[in-house]
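Scroll down for the structure; my scribbles are underneath it.
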Amino acid sequence: MDTPPMDTHLRYRPGVDTPDIKTVYDFTREKGIVRAAEFCNGSGDCRKTHLSGGTMCPSYMATRDEKHTTRARGNVLREYLRKPYVKNRFNHNEIFGVMDLCLSCKACKSECPSGVDVAKLKSEFLQHYYEANGVPFRSRLIANFANLNRLASIWPAIYNFTVSNAFAAGIFKRISGFATQRSLPLLAKTTVGSWFQRHQADLKHERQKRKVYLFNDEFTNFNDAGTGKHAVLLLEHLGYEVILPEHAESGRAHISKGLLKKAREIAINNVMSLREIISEETPLVGVEPSAILTFRDEYIDLVTDDLKLDAQNLGENALLFEEFIVREMKKGHITSASFTTDHRNIKLHGHCHQKAIASQVPTVQMLSLPINYEVEVIPSGCCGMAGSFGYEKEHYVISMKIGELVLFPAIRGKEPDVLIAAPGTSCRHQIKDGTGETALHPIDILYQALR
């Protein structure tokens, strides 16, 4: 009997206008960033546990704290953006505190009933928050990951010794704000780009009829060069001419740290560089999911209006390596005859962005090309590393706690001869740090399976 009338205690009052806030991302589809935050209807689907399946929301699964739900992030952003407390509506520590444990896994983009993309909202928030408060040193360091690796790759042995040596690495981690317990990624002895130039000069065979462009992302080029080489050799063995086009880095690190104006420059550069050569017949194929999927996701909302159609066309023809292989399987261009008949069992941990924007199914199908390869998908959500998140000292404990929910126990419980597959470079690093096991990119597994 004390229940208030239905037209009271409402979220909005009559006559209050929705503010039009200038953003770097294009929020036209959502009718502005405020309405993008308002997509959250409070259903609470983000309050799942790891037993429910899916990925959303890894920080809530680990903490069980409402503050770290997708819903809380949508609510706090909507509340502050609607009220003109200051000129910069994003400049509030309260928003930062709620956004801090968002891993930008993008699971909410696909698992939330309303499709609230909190990763996109977080990037936009950080851009404006840093405009008011300055960009932290660590964020600049991570965002410039590709440039720093390019410099370090001149003397990779010196770099690798430095980040592997307990004393030197400890100093670097403390200065940079990384967790001292975390190992750091090593550089390959030779970049994919350098190797490919020599490899092309050594090729003696005739050009193949079918052509594919390989996106040599910054993670593959500098750190996972072995996988990049295997991607080239595998495609060539299967009858494709592989081309590494000129392009900039993916911009994933800038996006994740909220440096969107620089990410926009990168997106525009890549769209303009690749729009004339990428098509359904000659697709752009990527190794690292978080890098190639920027073409399908963030780039479309970052580029200028005159490039939107080009970005959309490019995104439609930017494929995960697994998606390309499966497409060619369906055309009859690739068959199991090229691969071993030996028996292997594989456990697969999927990349968060792949689950949210694409699908794990092509990875399972590709790994099943060898007729006696059996693939089991680990029902894990986010691995907990999420790019740079798990390296950061204040996030290390929560990162490992997320890994312990499902992923780490599943790997520790496997039989010794079972292979672990993980398309994401961060996922493979997290698995190594958390379990001591070496996970392989599905490309490496399929390359090793060639007859």
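- Within the 4.5 Å cutoff, side-chain heavy atoms of F145 are placed close to those of N149.
- Judged by distance alone, the side chain of N221 and the main-chain N or O of V192 form a donor-acceptor pair under 3.5 Å.
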Task: Candidate pair D297 and K109, rule salt bridge (Lys or Arg N to Asp or Glu O under 4.0 Å), full reasoning - done: CA-CA 11 Å; D297 187 23; K109 184 180 176 76; 3.4 Å; yes
TODO: Could you walk me through whether S279 and N317 pass side chain to side chain donor-acceptor pair (under 3.5 Å), step by step?
DONE: CA-CA 6 Å; S279 67; N317 295 298; over 6 Å; no
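- With contacts defined as side-chain heavy-atom distances shorter than 4.5 Å, the pair C57/R73 qualifies.
- In this model, no donor atom of one side chain and acceptor atom of the other lie less than 3.5 Å apart for N88 and H128.
- Side chains of I95 and L77 form a contact here, defined as non-hydrogen atoms less than 4.5 Å apart.
- Judged by distance alone, the side chain of S52 and the main-chain N or O of K48 form no donor-acceptor pair under 3.5 Å.
- A perpendicular orientation is assigned to the rings of Y391 and H429, their planes being inclined by more than 60° (bins at 30° and 60°).
- Counting heavy-atom neighbours within 6.0 Å of Q197 CD, excluding the residue itself, gives a total of 12 or less.
- Judged by distance alone, with hydrogens and angles left aside, the side-chain atoms of N144 form a donor-acceptor pair with the main-chain N or O of R140 at under 3.5 Å.
- A salt bridge between E323 and R296 is present, with a side-chain N of the basic residue lying under 4.0 Å from a carboxylate O of the acidic one.
- E236 and H199 form a side-chain donor-acceptor contact under 3.5 Å, judged by distance and modelled atom types alone.
- T220 and N216 share no donor-acceptor pair across their side chains, judged by distance under 3.5 Å alone.
- Q430 and S426 share no donor-acceptor pair across their side chains, judged by distance under 3.5 Å alone.
- You'll find the side chain of V212 stays beyond 4.5 Å of the side chain of L284, heavy atoms only.
- Ring geometry for F389 versus H395: interplanar angle under 30°, hence parallel rather than tilted (30 to 60°).
- Taking each heavy atom of S59 and L103 in turn, the nearest pair found is CB-CD1, 4.1 Å.
- Using bins of under 30°, 30° to 60° and over 60° for the plane-to-plane angle, the ring pair F215/F295 lands in the perpendicular bin.
- Distance alone, capped at 3.5 Å, places no donor-acceptor pair between the T282 side chain and the I278 backbone.
- Proximity of a side-chain donor or acceptor of T435 to a complementary backbone N or O of K432 within less than 3.5 Å is not detected.
- Closest approach of G390 and Y396 over heavy atoms only: O-CD1, 3.8 Å.
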- [ ] Show your reasoning for whether side chain to side chain donor-acceptor pair (under 3.5 Å) applies to T438 and R428.
- [x] CA-CA 7 Å; T438 298; R428 295 192 297 274; over 6 Å; no
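- Using a 4.5 Å heavy-atom cutoff, the side chains of L259 and S139 are not in contact.
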- [ ] Dump the intermediate steps for side chain to side chain donor-acceptor pair (under 3.5 Å) on H441 and T227, then the final yes or no.
- [x] CA-CA 7 Å; H441 195 292; T227 301; 5.8 Å; no
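- A donor and an acceptor atom, one from each side chain of E218 and S250, are located under 3.5 Å apart.
- Between the CE atom in M56 and the SG atom in C352 there is a gap of 12.5 Å [rounded to 0.5 Å].
- For Y240 and F324, the ring centers sit closer than 6.0 Å to each other.
- Judged by a 6.0 Å distance limit and a 45° cone about the ring axis, R344 is not positioned over the six-membered ring of Y373.
- A distance-only check finds no donor-acceptor pair linking the side chain of R47 to the backbone of T69 [under 3.5 Å].
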Open item on the list: Test side-chain contact (heavy atoms from CB on, under 4.5 Å) on Y60 and C46; report intermediate values, then the result.
Closed with: CA-CA 8 Å; Y60 175 75; C46 45; over 6 Å; no
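- A salt bridge does not link R252 with D217: every distance from a Lys NZ or Arg NE/NH1/NH2 to an Asp or Glu carboxylate oxygen is 4.0 Å or more.
- Side chain of H68 to main chain of D100: no donor-acceptor pair is present (N/O by atom type, distance under 3.5 Å, no hydrogens or angles).
- Across all their heavy atoms, P283 and R327 have their closest contact at CG-NH2, 3.5 Å.
- In the model, T425 has a side-chain atom that pairs as donor or acceptor with a side-chain atom of D224 under 3.5 Å.
- In this structure, N270 contributes its side chain and E249 its backbone to a donor-acceptor pair below 3.5 Å.
- Using a 4.0 Å cut-off between charged side-chain N and carboxylate O, E376 and K347 make a salt bridge.
- Surrounding NZ of K308 are more than 12 heavy atoms belonging to other residues, nucleotides or ligands, all under 6.0 Å away.
- Summarising the geometry of H349 relative to C383, their closest heavy-atom pair is NE2-CB, 3.5 Å, with the distance given to 0.1 Å.
- More than 12 heavy atoms of other residues, nucleotides or ligands lie within 6.0 Å of CD in E394, so this atom counts as buried by the packing criterion.
- Other residues, nucleotides and ligands place no more than 12 heavy atoms under 6.0 Å from the CE atom of M272.
- A cation-pi arrangement is found for K120 relative to Y25, the charged atom lying closer than 6.0 Å to the ring centre and inside a 45° cone about the ring normal.
- A salt bridge links E404 and R412; the closest N-O separation between the charged side-chain nitrogens and carboxylate oxygens is under 4.0 Å.
- Counting only heavy atoms from C-beta outward, the side chains of V285 and V242 never approach each other to under 4.5 Å.
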- [ ] Would you check, one step at a time, whether the test side chain to side chain donor-acceptor pair (under 3.5 Å) holds for Q354 with T363?
- [x] CA-CA 10 Å; Q354 182 175 357; T363 307; 2.7 Å; yes
Task: Derivation of the side-chain contact (heavy atoms from CB on, under 4.5 Å) call for C427 and M385 - done: CA-CA 6 Å; C427 304; M385 184 67 92; over 6 Å; no
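- Side-chain atoms of Y447 and L440, non-hydrogen and from C-beta on, never get closer than 4.5 Å to each other.
- For R264 and T304, the side-chain atoms include no donor-acceptor pair closer than 3.5 Å.
- Nearest heavy-atom pair, I431 versus I420, reported as atom, atom and distance to 0.1 Å: CD1-CG2, 4.2 Å.
- Seen from the ring of Y129, K122 does not count as a face-on cation partner, given the 6.0 Å and 45° thresholds.
- With respect to the salt-bridge test (charged N to carboxylate O, under 4.0 angstrom), the residues R71 and D45 do not qualify.
- Of the possible donor and acceptor atoms, none in the side chain of K229 sits under 3.5 Å from a partner among the backbone N and O of W195.
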Task: I266/H254 under side-chain contact (heavy atoms from CB on, under 4.5 Å): CA gap, chis, key distance, verdict - done: CA-CA 9 Å; I266 295 170; H254 288 88; 3.7 Å; yes
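- One side chain, Q127 or E131, offers a donor N or O that lies under 3.5 Å from an acceptor on the other.
- In this structure, P370 and L446 have side chains that are in contact, with non-hydrogen atoms separated by less than 4.5 Å.
- Between the S123 side chain and the I255 main chain, a donor and an acceptor come within less than 3.5 Å of each other.
- Within 6.0 Å of NZ on K330 lie no more than 12 heavy atoms contributed by other residues, nucleotides or ligands.
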Task: Test side-chain contact (heavy atoms from CB on, under 4.5 Å) applied to C40 and T70, step by step - done: CA-CA 8 Å; C40 174; T70 304; over 6 Å; no
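- Considering all non-hydrogen atoms of both residues, C382 and T55 come closest at N-CG2, 3.5 Å.
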